[in-house]
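A short write-up of the structure that comes next.
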Amino acid sequence: MMIESIRLHQFRNYTDVKAKFPKAIVLLYGKNGQGKTNILEALYMGAVGKSYRGVADTDLIRWDCSEGSVILNFLRNGVNQQIKIILSKMAKKELWINETKVTQRELVGTLNEVLFSPEDLQLIKGSPSLRRRFMDMEISQVNQVYYKQLIQYNRAVSQRNLLLKKMKYDGMQSVEEWDRQIAVFAASIVKKRTEALHKISFLSGVIHRRLTGGKEKMTMSYVQSYFDSAKDKAEDIEDPAWYYKKLQENLQGDIYRMSTSVGPHRDDLNFFVDKADLKKYGSQGQQRTAVLSLKLSELEYIKSETGEYPVLLLDDVMSELDQSRRQAILDFVRNRIQTFITTTEPMIFEPMIGCCHICIEKGRIMSDGGTAS
C-alpha cells in the first residue's frame with residue numbers, strides 16, 4: 001500500500017497545497033508550529049475519516065474559511081484509488097471513495113495505516129482505554145464486521161447507562177432488551193479480540209526477541225475483571241449467555257454506579273517479560289521496547305490479513321526513542337513499508353540512505369530544496 005499524493009485545501013494552516021510521495025521513508029522536517037503534524041493528521045484521516053488528535057471536524061478547517069478538503073491518491077494491490085474528505089462549518093462532513101459517497105464505517109479499511117505517536121509510548125503503563133483502542137483500531141482496519149459491531153455495542157452500552165440512571169432515581173425501568181443485545185455483541189467482539197491477540201502476541205514476541213537479542217521473552221494476556229476463575233470457564237467468554245448472566249448478576253451495582261461494569265469496554269491487556277508484569281516491574285527501557293514490538297507487529301498483522309503492508313506514520317516519536325530503537329524501526333521498514341516521519345531534528349537521519357526529505361515551513365511543502373506545491 002502506498003500514498004502517491006495529497007492535496008490540502010483550507011486545511012489547518014494550509015491554503016492550497018499538493019505534494020507527491022515516493023514509496024520510501026518520507027521525512028517531514030521543520031521547526032515547531034509549521035504544519036508537519038497537520039500533514040500526518042490529514043493522511044490519517046484517509047484511514048479513519050477523523051483526526052487522531054481528538055478535535056472536531058470544524059476545527060480542521062482553516063480559521064478564516066467555511067470549507068476545507070483533503071484528497072489522497074493511493075495504490076492498493078496495484079490499483080489506483082482516491083479518498084476525498086470534504087469539511088464544512090455549515091454542513092456534515094462528506095467522505096468519498098473513488099467518487100462514491102460513503103459513510104465513515106464504509107471508509108475504514110480502505111486505506112490501511114498504522115500511527116505511532118508519543119502517546120503510544122504510554123501503551124504499557126497508561127490507562128486500559130489506550131490498550132483497548134490499540135486492539136480495536138488494529139482489528140477494525142482489517143475487519144469491517146468487527147468495526148460495525150463495535151459501534152453497535154457502544155451505542156447499546158450508552159443506552160443501558162441512560163436507563164441505569166433513570167432506574168436509580170425513578171425506578172420502574174428494564175434493561176433486559178439492552179442486556180440481550182450487549183451480550184451478543186460482547187461475545188462476538190471478545191472472540192475476534194482473542195483471535196487477533198493470538199496472532200499479535202506471536203508476532204510481537206518474535207520481534208521483541210529480535211530487538212533484545214533473544215535475551216527476553218514477551219507475552220500478552222486478555223483480562224476481564226469480572227471473570228471468576230473459580231466458577232467461569234475459558235470458553236465462557238465467547239458465549240452470549242455468559243455475558244447476559246453477568247450483566248444480571250451485576251445489575252444492582254450498575255444501577256448504583258449508573259454504568260455498565262461487564263463487557264469488552266471494561267477489558268484490558270496485560271504484558272509480561274519473562275513472566276514478570278511489565279506494567280509493575282518493567283523498566284522504562286523494557287516498556288518502550290515492548291511498545292515498539294507491538295507497533296511493528298501491527299504492521300505484520302495487517303499484512304497477514306490483507307496481503308499488503310499498511311502505511312506507517314511516525315508523529316515526532318523518533319526523538320523520544322534512543323538510537324538503537326530508532327535504528328530498529330528504520331531497518332524494519334526500509335525498502336518495504338512507506339513511512340512518514342515528522343521531526344524537528346533532521347540531523348539524526350543524515351546517515352539514512354534512501355530517504356526523501358521534505359521541509360515544512362509556514363504551511364508550505366518544500367521538497368529537496370524546491371516547492372512541491
Side-chain angles (χ1 to χ4, degrees), residues 47-50 52 103-110 112 114-115 123 126-164 175-204 220-229 232-251 254 257 259-271 294 297-298 301-302 304-306 310:
V48 300
K50 61 181 180 180
Y52 67 87
T103 64
Q104 185 172 332
R105 188 175 67 201
E106 293 169 326
L107 174 70
V108 173
T110 303
N112 294 326
V114 169
L115 172 71
L123 193 61
S127 69
S129 62
L130 287 175
R131 293 181 285 278
R132 288 193 294 268
R133 187 175 67 182
F134 165 76
M135 288 289 291
D136 290 339
M137 285 305 302
E138 194 161 5
I139 302 170
S140 293
Q141 288 201 68
V142 299
N143 190 323
Q144 286 198 335
V145 172
Y146 178 86
Y147 185 60
K148 179 181 178 180
Q149 289 180 336
L150 191 63
I151 292 172
Q152 292 173 312
Y153 171 80
N154 288 332
R155 286 175 180 167
V157 170
S158 295
Q159 291 298 316
R160 186 180 192 266
N161 289 344
L162 288 174
L163 279 179
L164 291 172
V175 293
E176 183 172 349
E177 178 185 345
W178 295 112
D179 283 359
R180 295 191 184 281
Q181 287 190 37
I182 289 171
V184 172
F185 290 135
S188 181
I189 288 169
V190 171
K191 183 176 187 294
K192 290 183 176 65
R193 279 185 181 177
T194 52
E195 288 173 349
L197 182 63
H198 180 73
K199 288 186 178 181
I200 295 166
S201 181
F202 172 76
L203 292 169
S204 61
M220 304 164 60
S221 67
Y222 193 76
V223 182
Q224 294 176 301
S225 60
Y226 45 89
F227 183 90
D228 187 342
S229 58
D232 301 323
K233 301 176 182 178
E235 57 267 25
D236 287 339
I237 66 173
E238 297 180 6
D239 182 4
W242 182 76
Y243 288 96
Y244 179 77
K245 181 182 176 183
K246 290 288 183 181
L247 287 164
Q248 293 293 300
E249 289 175 350
N250 287 272
L251 180 57
D254 287 356
R257 291 182 295 270
S259 65
T260 302
S261 60
V262 172
H265 67 292
R266 296 288 188 182
D267 298 351
D268 200 357
L269 298 177
N270 274 352
F271 301 90
L294 284 171
S297 73
E298 199 172 350
Y301 172 74
I302 291 176
S304 72
E305 296 293 308
T306 66

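FYI, the numbering just counts along the sequence from 1.
By the neighbour-count criterion of 12 heavy atoms within 6.0 Å, atom CZ of Arg266 is densely surrounded, having more than that number from other residues, nucleotides or ligands. Enclosure of atom CZ in Arg257 by more than 12 non-hydrogen atoms of other residues, nucleotides or ligands within 6.0 angstrom is indicated. The 12-atom threshold is not exceeded at NZ of Lys50, counting heavy atoms of other residues, nucleotides or ligands nearer than 6.0 Å.
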Show the numbers, then the answer: is there a side-chain contact (heavy atoms from CB on, under 4.5 Å) between Glu298 and Phe134?
CA-CA 9 Å; Glu298 199 172 350; Phe134 165 76; 3.5 Å; yes

Go through it in stages, so that I can follow the logic: the residues are Tyr147 and Gln104, the test is side-chain contact (heavy atoms from CB on, under 4.5 Å), and I'd like the CA-CA distance, side-chain angles, deciding distance and then a yes or no.
CA-CA 10 Å; Tyr147 185 60; Gln104 185 172 332; 3.5 Å; yes

Take Thr260 and Trp178 through the test side-chain contact (heavy atoms from CB on, under 4.5 Å) and record every step on the way to the result.
CA-CA 11 Å; Thr260 302; Trp178 295 112; over 6 Å; no

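Note that CD of Gln152 and OG of Ser188 are 10.0 Å apart. Values are rounded to the nearest 0.5 Å. A distance of 10.0 Å separates OG1 of Thr110 from CD of Gln141, quoted to the nearest 0.5 Å. Here Leu247 contributes atom CG and Tyr243 contributes atom OH; the two are 10.0 Å apart, rounded to the nearest 0.5 Å. Note that CG of Leu203 and OH of Tyr301 are 10.0 Å apart. Values are rounded to the nearest 0.5 Å. Of the inter-residue distances, the one linking Gln149 atom CD with Asn143 atom CG reads 8.0 Å to the nearest 0.5 angstrom. From Glu138, atom CD reaches atom CG of Leu197 across 9.5 Å, with rounding to the nearest 0.5 Å.
Using a 4.5 Å heavy-atom cutoff, the side chains of Gln159 and Leu162 are in contact. Contact annotation: the side chain of Gln224 approaches that of Val190 to within less than 4.5 Å [non-hydrogen atoms, C-beta and beyond]. Side-chain contact between Met137 and Val48 is present, with at least one heavy-atom pair separated by less than 4.5 Å. No side-chain heavy atom of Phe227 sits under 4.5 Å from any side-chain heavy atom of Tyr222. With a 4.5 Å cut-off on side-chain heavy atoms, Asp267 and Met135 do not count as touching. Taking the side chain as every heavy atom from C-beta outward, Ile237 and Lys191 never approach each other to under 4.5 Å. Here the side chains of Asn161 and Asp254 are not in contact, with every heavy-atom distance at 4.5 Å or above. Residues Leu123 and Arg131 form a side-chain contact, since some pair of their non-hydrogen atoms from C-beta on lies under 4.5 Å apart.
Heavy atoms only, all atoms of each residue included: Ser204 and Ser201 are closest at OG-O, 3.3 Å. For the residue pair Ser297 and Ile200, the shortest heavy atom distance occurs at OG-CG2, 3.7 Å. What you find for Pro264 and Arg193 is that their closest heavy atoms are O-NH1, 2.9 Å. The heavy-atom pair separating Ser140 from Tyr146 by the smallest distance is OG-CD2, 3.6 Å. Listed here is the closest heavy atom pair of Thr103 and Glu106: N-OE1, 2.9 Å.
Side-chain polar atoms of Tyr244 and Asp239 form no donor-acceptor pair below 3.5 angstrom.
Look at Glu195 and Lys199 and you find no salt bridge, because none of the NZ, NE, NH1 or NH2 atoms lies under 4.0 Å from a carboxylate O.
Taking the six-membered ring for Trp and thresholds of 30 and 60 degrees, His265 and Tyr153 have ring planes inclined between 30 and 60 degrees apart.
With sequence neighbours excluded, no residue satisfies side chain to side chain contact (heavy atoms under 4.5 Å, CB included) with Ser225.
Put simply, the side chain of Arg105 never gets that close to the backbone of Ile151: no donor and acceptor are under 3.5 Å apart. Asn250 places a side-chain N or O within donor-acceptor distance of the main-chain N or O of Lys246, the cut-off being under 3.5 Å.
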